[in-house]
Protein chains: 2
Amino acid sequence: MNMILPVTEELGRSRPLAKREAPTWTLPLDQILMGDCITEMARLPAKSVDMIFADPPYNLQLGGELFRPEGGRVDACDDDWDKFDSLAAYDDFTREWLAEARRILKDNGTIWVIGSYHNIYRVGSLLQDADFWILNDIVWRKANPMPNFRGTRFTNAHETLLWCAKDEKARYTFNYRAMKALNDDLQMRSDWVLPICSGGERVKGNDGGKAHPTQKPEALLYRILLACTKPGDVVLDPFFGTGTTGAVARRLQRRWIGIERERAYVKVASERIASTLPLDESAMQTVADKRSQPRVAFGLLVESGMVPPGATLTDSKRRWTASVRADGSLACAEHSGSIHKVGAALQGAPSCNGWTFWHVEQDGALVVIDALRQKHLAGL
Amino acid sequence: MNMILPVTEELGRSRPLAKREAPTWTLPLDQILMGDCITEMARLPAKSVDMIFADPPYNLQLGGELFRPEGGRVDACDDDWDKFDSLAAYDDFTREWLAEARRILKDNGTIWVIGSYHNIYRVGSLLQDADFWILNDIVWRKANPMPNFRGTRFTNAHETLLWCAKDEKARYTFNYRAMKALNDDLQMRSDWVLPICSGGERVKGNDGGKAHPTQKPEALLYRILLACTKPGDVVLDPFFGTGTTGAVARRLQRRWIGIERERAYVKVASERIASTLPLDESAMQTVADKRSQPRVAFGLLVESGMVPPGATLTDSKRRWTASVRADGSLACAEHSGSIHKVGAALQGAPSCNGWTFWHVEQDGALVVIDALRQKHLAGL
DNA sequence: CGATGCCTTGAATCCCTTG
DNA sequence: CCAAGGGATTCAAGGCATC
């Protein structure tokens, strides 16, 4: 079965293509293809997408029911789509979709795969077998994981992501400066502390419960897409689920293609993405060269949505304003850079503590961004 | 070549062995076996060690070390190895030493393997292929990693450890309470923040430089041995290097066996371990695991008059009450039976720990009956 | 309106001894 | 071998009601 659901209007700028790359096909951009991931991938043309983000079944192999100490039952991920007859069956499935992924990916494109210890060693090994070249393994350290209720193991508090190029020589995209800016002017490390997806971000089903058992946080996709794609790049997600990849891609003005088998998830994802708005141009500017050197601890607040890209900051007396860009740097008419640098430049001062200088308007009142930082710190 | 170097005197208490386990062999305890790891492991008896810690070659693919199936080192200037051959050779080598490890390990023993993204996906996959059962993957988050100098990737700031039992049903050792105590009374998580090995701990060679390129921090082994072995247990390290495993094992009063092929490392490790002192008895005390405490029947407290027959028990919020019968069972309007069964029935829960659920009123305050049990155990 | 406290929940390979 | 039953076991967030 193949059903193409157009979700968004055309957006993003068209990028000039080199002669050799001129495609003879048209990609189903910004759409969800409903159907089996391998079948649908097989219909897509070779070397056509810039990035693949894949959140495949983990093959959890859970036993019986698990109860919490106070008696509650753990709502396990026991869906049929996560069940495989054997490790060999899981390997066959993985080999197959990885082969299609490799075919579809541009030569300088990269692939991200997320998993847990149940499956990630299979996936990593098969990625290497398929001649993918691992660039990093990334650890998502969950700020608020589920505890181990029986006291039998260490709290399983992380998941692993693999980031690979098609081969050792590939010239992949890595927005080093944007990542450094997002991390308080320190190199972004291979371990990322992020909360799990909950609260308002978690998509609810008709029954009020979670629409999907394994929805990923937008902050995770935000960092991945900001790090490894450019605006207008095409991102394919063959295990689309509730469409986190599509929502973040649209927000960051990337193009996306989703593949999803379950009709219910397709519906949920379509509605979700349709209600997501792309960032405007000024927010989309990322640090391009050394001179802008933003010094921001601030990026984490941007990433987590506490201060959304595009938000306007002002000083306590509303004499100046500046807008927040996607990588946590600020821009106003004459200046751009870190919260500290722009604050200093506007005041004509040699230096400025941006944390106490800048404020955001919240519910009609000005809130100093240092308060938000404290809130964030307290939350971690 | 096989050279046995006795390093330490006998230490640790002898553990009583069940009849069936009575060994007909003698292990080379607290010694370094000099030679190839697979050859030396092949000499050790089956099901004889409680834990294996392995820090195998990482197969960095930097034009550096490659290993033949038999474990021999490939001459670094041999350029004929293509990627497939090197991965396959690494897999063969890994399969071989894992097979020996599995043979030597007791049925309830566990194995730890550390690696980086270069090799850990091969190792993890082959562990599963060899029917090992992954209990956790642990992320060692380096507090002070080497930066990525070229700005082409995320800072590679962690290594991964795999902790496995021999099969799904194995009853492995996990000192839950000790780990919780080590982590400020919170469950120990799967991500460990530890500094890399440097400073005075780093063993120096004759030239003043580091004696070994990949010496692991003692804190890492300390946590592993404290978590997953008991005093007197035997730990095998087939890639002994500078002997961190031996040094920490001796400190924590565990027995150890090291295998190392390089004479220089054997010498360094011997001297290092000889100068390491075991902790004294008082320092060796760890938080007692409740599971290992002797059982006390609730009836015993009734018998001794600590909780008189006819006394009324209630939960912490006084939502339910029940009365104590002469035989130590409870009764309320609708249910009767053990403290556990009645507690479970009243709550509609699948199970209940009556010891922590029920309270007695003493001097106007509620006292949990588990406290009375502890008092009884203490002989008060 | 803010502070407090209770309830719910999240990709989970989640017990062990005795009869 | 299985069945029964004792009794060991939870962290951080968000939502919501209450004070």
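Keep in mind that the numbers below use all heavy atoms, side chains included, and drop hydrogens, waters and symmetry copies. Computed from a predicted structure; not experimentally measured. Naming convention: chains lettered A, B, ... in sequence-line order (proteins, then strands); numbering from 1 in each chain.
Between the side chains of A:Y117 and A:N156, no donor-acceptor pair is found at a separation under 3.5 Å.
Using a 4.5 Å heavy-atom cutoff, the side chains of B:F174 and B:T110 are not in contact. Under the 4.5 Å side-chain criterion, counting only non-hydrogen atoms from C-beta, A:I111 is not in contact with A:M51.
Between B:R177 and D:dT9 there is a side-chain polar atom (N or O) within less than 4.0 angstrom of OP1 or OP2. At least one side-chain nitrogen or oxygen of B:K341 sits closer than 4.0 Å to the OP1 or OP2 atom of D:dG5. When the side-chain nitrogen and oxygen atoms of B:R373 are compared with OP1 and OP2 of D:dA8, one or more of them lie within a distance under 4.0 Å. Within the 4.0 Å cut-off from OP1 or OP2 of D:dG6, not a single side-chain nitrogen or oxygen of B:H340 is found.
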- Task: Represent DNA chain C in dot-bracket notation, 5' to 3'. Only Watson-Crick or G-U wobble pairs with both distances under 3.5 Å count; pseudoknot-style crossings use [ ] and interstrand partners use |.
- Result: .|||||||||....|||||

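Residues B:A326 and B:V302 share a closest heavy-atom pair of O-CG1, 3.9 Å. A:L161 approaches A:I224 most closely through the heavy-atom pair CD2-CD1, 3.8 Å.
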- Task: List the steps, then state whether side-chain hydrogen bond (donor to acceptor under 3.5 Å, both in side chains) holds for A:T242 with A:R272.
- Result: CA-CA 8 Å; A:T242 56; A:R272 176 184 182 188; 3.2 Å; yes

- Starting from the C-alpha separation in whole Å, work towards a yes-or-no answer on salt bridge (Lys or Arg N to Asp or Glu O under 4.0 Å) for B:K47 and B:D107. CA-CA 7 Å; B:K47 303 186 181 184; B:D107 284 342; 3.3 Å; yes

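Within the structure, every pair that satisfies the side-chain hydrogen bond (donor to acceptor under 3.5 Å, both in side chains) test and touches residues 312-326 of chain B, not counting sequence neighbours, is listed here: B:R318-B:E361, B:R325-B:S329.
A residue-by-residue look at B:N353 and A:N144 shows that B:N353 has its nearest nucleotide of DNA chain D further toward the 5' end.
For B:L186, whose side chain is taken as the heavy atoms from C-beta onward, the closest listed nucleotide among D:dT10, D:dA8, D:dA12 is D:dA12.
The distance between atom CE of A:M146 and atom C1' of D:dT9, rounded to the nearest whole Å, is 13 Å. If you take CG of B:D191 and P of D:dC11, they are 14 Å apart, rounded to a whole angstrom. Following rounding to the nearest Å, B:F174 (CZ) and D:dT9 (P) show an atom-to-atom distance of 12 Å.
Taking only distance into account, the side chain of A:S198 never meets the base of D:dA12 through a donor-acceptor pair shorter than 3.5 Å.
Scored by the side chain to side chain contact (heavy atoms under 4.5 Å, CB included) test, A:D191 finds A:V139, A:R141, A:R189, B:R141, B:A157 as partners (sequence neighbours excluded).
Rounded to whole Å, the C1' atom of C:dT13 lies 23 Å from the corresponding atom of D:dA12.
Of the residues in residues 314-338 of chain B, those lying under 4.0 Å from DNA chain C by heavy-atom distance are B:K317.
First and last contacting nucleotides of DNA chain C toward chain A (any atom under 4.0 angstrom from a heavy atom, 5' to 3' order): C:dT9 to C:dC15.
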Throw together a table of side-chain donor-acceptor distances under 3.5 angstrom for residues 61-72 of chain A, partners on residues two or more places apart or in other chains.
{"from": "A:Q61", "atom 1": "NE2", "to": "A:N59", "atom 2": "O", "distance (Å)": "3.4"}
{"from": "A:E65", "atom 1": "OE2", "to": "A:R73", "atom 2": "NH1", "distance (Å)": "3.2"}

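Proximity of a side-chain donor or acceptor of A:K142 to a complementary backbone N or O of A:E159 within less than 3.5 Å is not detected.
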